[in-house]
Amino acid sequence: MIALVDGNSFYVSCERVFDPRLEGRAVGVLSNNDGCVVARSHELKALGVAMGAPLHLLPPAVRRQAVLLSSNYALYGDMSRRVNQVLAEFSPDVEPYSIDESFVGFSGFADDELEPRCRALRDTVRRWTGIPVGVGLAPTRTLAKLANRLAKREPAFEGVCRLDAEGEGTRRALVACPVDDLWGVARRSAERLALMGIENAWQLRQADPRWVRSRFSVVMERIVWELRGRPAIVLDDMGEPRRRLLVSRSFGRLTGDYPELAAALRQHCTRAGEKLRRQGSLAHAVQVFVRTNPFLAGEPQYRNAAVVALPAPSADSRELLAAARRALAAIYLEGYRYQKCGVMLLDLVDVERRQASLLETPDDDARRARSQRLMATLDRLNREMGRDTVRFGLPGRDSAWALRCERRTPRYTTRWGELMRVKTG
């Protein structure tokens, strides 16, 4: 059996841990640059605020009632780490799936112990971290996902729901689940299934797996087996190294200043290099793109991109930065106010499978070894002493590309200068 543990309105719950006054109030967390709503409390959902709703389009009455906060990813990431530490107290098999979800394996545990153990897990996570979670228990990840949804939606389950491979409860849950609500089923696939008479999860479970594979994919076939209670999806298969790596972000304000664009790209390249090295890959080329805001009427519009190939596959941030600067110089035009730029690393290969060139010399090997040592040292310093302890260039004051975080709460658990202060009367 495997459990999916999912934080309830995780971002909002993290904020409430450090500000109990938010309990019972309509709370929303905004995306980067405070653009739209990316997390909602139940109270905010009850006011009719949809996920992704733009901040500037929220009705005045909602904005008066609700507490709207900027994203505080440093806090959310650290709270996620703490939750997973608690989960490890209940099972040695913890697989983080996202910032607010983790699969917990219970192989070898007695069957009659599982539900009491999941309830104890849920209570301990709440007591030790302050985060409320729902727990879905099932023999497969797909069924665990569905069980988790029921645990959070149906008060009768009291936060823990178990679905077995067989049983009337499982059948009812699958009949009531539209096929497009299933983990791994995209909207277009659901539309095609509906045309074939498969509209709910029970009907998909009853379908012939070979027939499903021939008309869709091996992934859809695996979902059928998972719905029948046979494990077929492994997270390792879903975590294969990416073939492309994109880092981009909208600016806090529009800018046509070339140095500000270059500074933003420097930041993006640095982040891309860190991610590239973390997954053990090398990039063959760097793509840079810029664009104006297409929704601003009356503004001159421009968007462009350029690709610069690297002399050899690399994960050295210095080489990525040099290529990005050349690409930006090729596409930058004066007279426009840019809203966004980004860096995409292309044609990624595993560092252990790098194809050597016949023209390489011992000097090339030595240079590559020095580069790897330098980047490893850079990453270690920034990991142990804080992000951007060592960086390429210094950011200017009031940079256009800096995020708007006007509503962000303190990063209580990761910044010494933002520790909670307690006042005595």
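Just so you know, residue 1 is the first one in the sequence shown, and it goes up from there. Bear in mind that the values here come from a model prediction, so they are computed numbers and not experimental data.
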Can you tell if the side chain of Q203 reaches within under 4.5 Å of the side chain of V179, non-hydrogen atoms only?
no
| request: Using atom types as modelled and distance alone, determine if a side-chain donor or acceptor of D6 lies under 3.5 Å from a backbone N or O of G134. | output: no
Contact between E89 and T124 at the side-chain level, heavy atoms closer than 4.5 Å - yes or no?
no
For L150 and A173, the nearest pair of non-hydrogen atoms, with its separation, is CD1-CB, 3.8 Å
Under a 4.5 Å cut-off applied to non-hydrogen side-chain atoms, are V185 and I223 in contact?
yes
query: Would the number of heavy atoms belonging to other residues, nucleotides or ligands and lying under 6.0 Å from CZ of R81 be above 12?
result: yes
Item to complete: Would you please test F289 and N304 for side chain to side chain contact (heavy atoms under 4.5 Å, CB included) and show each step?
Response: CA-CA 6 Å; F289 72 87; N304 205 348; over 6 Å; no
Practice problem: Apply side chain to side chain contact (heavy atoms under 4.5 Å, CB included) to T129 and Q85, showing your working. | Solution: CA-CA 10 Å; T129 70; Q85 284 181 330; over 6 Å; no
To the nearest 0.5 Å, atom OG of S107 lies from atom CD1 of I2 at 10.0 Å
Other residues, nucleotides and ligands only: do more than 12 of their heavy atoms fall within 6.0 Å of CZ on R326? no
message = For D93 and S91, which I'm curious about, is there any donor-acceptor pair between the side chains at under 3.5 Å?
response = no
Any salt bridge between R16 and E43, counting N to O under 4.0 Å?
yes
Practice item. State whether the side chain of N72 and the backbone N or O of T409 hold a donor-acceptor pair below 3.5 Å, judged by distance alone. Key: yes
Heavy-atom nearest pair, L75 first then C14, reads CD2-O, 4.2 Å
Rounded to the nearest 0.5 angstrom, the CG-CZ distance for L296 and R337 is 7.0 Å
In short, F106 meets C118 closest at the heavy-atom pair CE1-SG, 3.8 Å
Scanning both residues in full, the closest heavy-atom pair of A285 with A309 reads CB-CA, 3.9 Å
inquiry  = Please verify the inter-ring angle class for Y336 with Y338; under 30° counts as parallel, over 60° as perpendicular, anything in between as tilted.
reply    = tilted
CZ (R25) and CD (E15) are apart, to the nearest 0.5 Å, by 13.0 Å
Nearest heavy-atom approach of G273 to L320 is CA-CD1, 3.8 Å
Contacts satisfying ring-ring contact (aromatic ring centres under 6.0 Å, His included) that involve residues 306-328 (not counting sequence neighbours) are none
Just do the side chain to side chain contact (heavy atoms under 4.5 Å, CB included) check on T414 and R411 with the steps written out, would you?
CA-CA 6 Å; T414 58; R411 293 162 289 187; 3.7 Å; yes
Review point. For atom CZ of R213, is the number of surrounding heavy atoms from other residues, nucleotides or ligands below 6.0 Å larger than 12?
Key: no
Interatomic distance, CZ@R291 vs OG@S248, rounded to 0.5 Å, equals 8.0 Å
Is a side-chain N or O of R205 found less than 3.5 angstrom from the main chain of L227, in a donor-acceptor match? yes
Side chains of T270 and Q267: donor-acceptor distance under 3.5 Å anywhere?
-> no
### Task
Report yes if some heavy atom in the side chain of L378 is under 4.5 Å from a heavy atom in the side chain of F392; otherwise report no.
yes
* Asked: If you draw a 6.0 Å radius around CD in Q301, do more than 12 non-hydrogen atoms from other residues or ligands fall strictly inside?
  -> yes
No-hydrogen, no-angle side-chain donor-acceptor test under 3.5 Å, T413 and D78:
yes
Donor-acceptor pair, distance only, cut-off 3.5 Å: does the side chain of S9 make one with the backbone of R40? yes
- prompt: Do NZ/NE/NH1/NH2 and the carboxylate oxygens of R187 and E191 come within less than 4.0 Å?
  reply: yes
Check: T255 main-chain N/O paired with E260 side-chain donor or acceptor under 3.5 Å: no
- Message: Side chains of T292 and E299 only: does a donor on one sit below 3.5 Å from an acceptor on the other?
- Response: no
Practice item. Report yes if some heavy atom in the side chain of R162 is under 4.5 Å from a heavy atom in the side chain of L114; otherwise report no. Key: yes
To the nearest 0.5 Å, atom CG of L146 lies from atom CG of D181 at 8.5 Å
**Request:** For residues W183 and F103, establish whether the separation of their ring centroids is below 6.0 Å.
**Result:** yes
**Request:** Output yes when a side-chain donor or acceptor of S80 lies under 3.5 Å from a complementary backbone atom of Y76, and no otherwise.
**Result:** no
Point to revise | Electrostatic pair R141:E95 at N-O distance under 4.0 angstrom | key: yes
Open item on the list: Are V349 and H284 packed together at the side-chain level, in the sense that at least one heavy-atom pair is separated by less than 4.5 angstrom?
Closed with: yes
For this session: Determine yes or no for a side-chain-to-main-chain donor-acceptor pair under 3.5 angstrom, with E221 supplying the side chain and V212 the backbone.
Result: no
key: Neighbour count >12 (heavy atoms, 6.0 Å) for atom CZ, R127   = yes
Thinking salt bridges, do D123 and R126 make one under a 4.0 Å N-O criterion? no
So CG of L265 and CZ of R325: to nearest 0.5 Å the spacing works out to 10.0 Å
Inset, instruction - Run the salt-bridge test on E319 and R367 with the 4.0 Å N-O cut-off and return the result as yes or no. - result: yes
Q.
Quick check with a 6.0 Å cut-off and a 45 degree axis cone: is R222 positioned over the face of W225's six-membered ring?
A. no
Is there a donor-acceptor contact under 3.5 Å from the side chain of N382 to the main chain of V390?
-> yes
Taking the side chain as everything from C-beta on, heavy atoms only, tell me whether L261 gets closer than 4.5 Å to Y332. yes
Smallest heavy-atom separation, V49 atom then V37 atom, equals CG1-CG2, 4.2 Å
Check: Does the S41 side chain pair with the main chain of V27, one donor and one acceptor, at a distance under 3.5 Å?
Finding: yes
field: Main-chain N/O of K152 paired to N8 side chain as donor or acceptor, under 3.5 Å
entry: no
### Message
Under the criterion side chain to side chain contact (heavy atoms under 4.5 Å, CB included), I'd like the reasoning laid out for T140 against L143: C-alpha separation, chi angles, the key distance, then a yes or no.
### Response
CA-CA 5 Å; T140 69; L143 286 175; 3.5 Å; yes
Determine whether L333 and Y302 make a side-chain contact, defined as any pair of heavy atoms from C-beta on separated by less than 4.5 Å.
yes
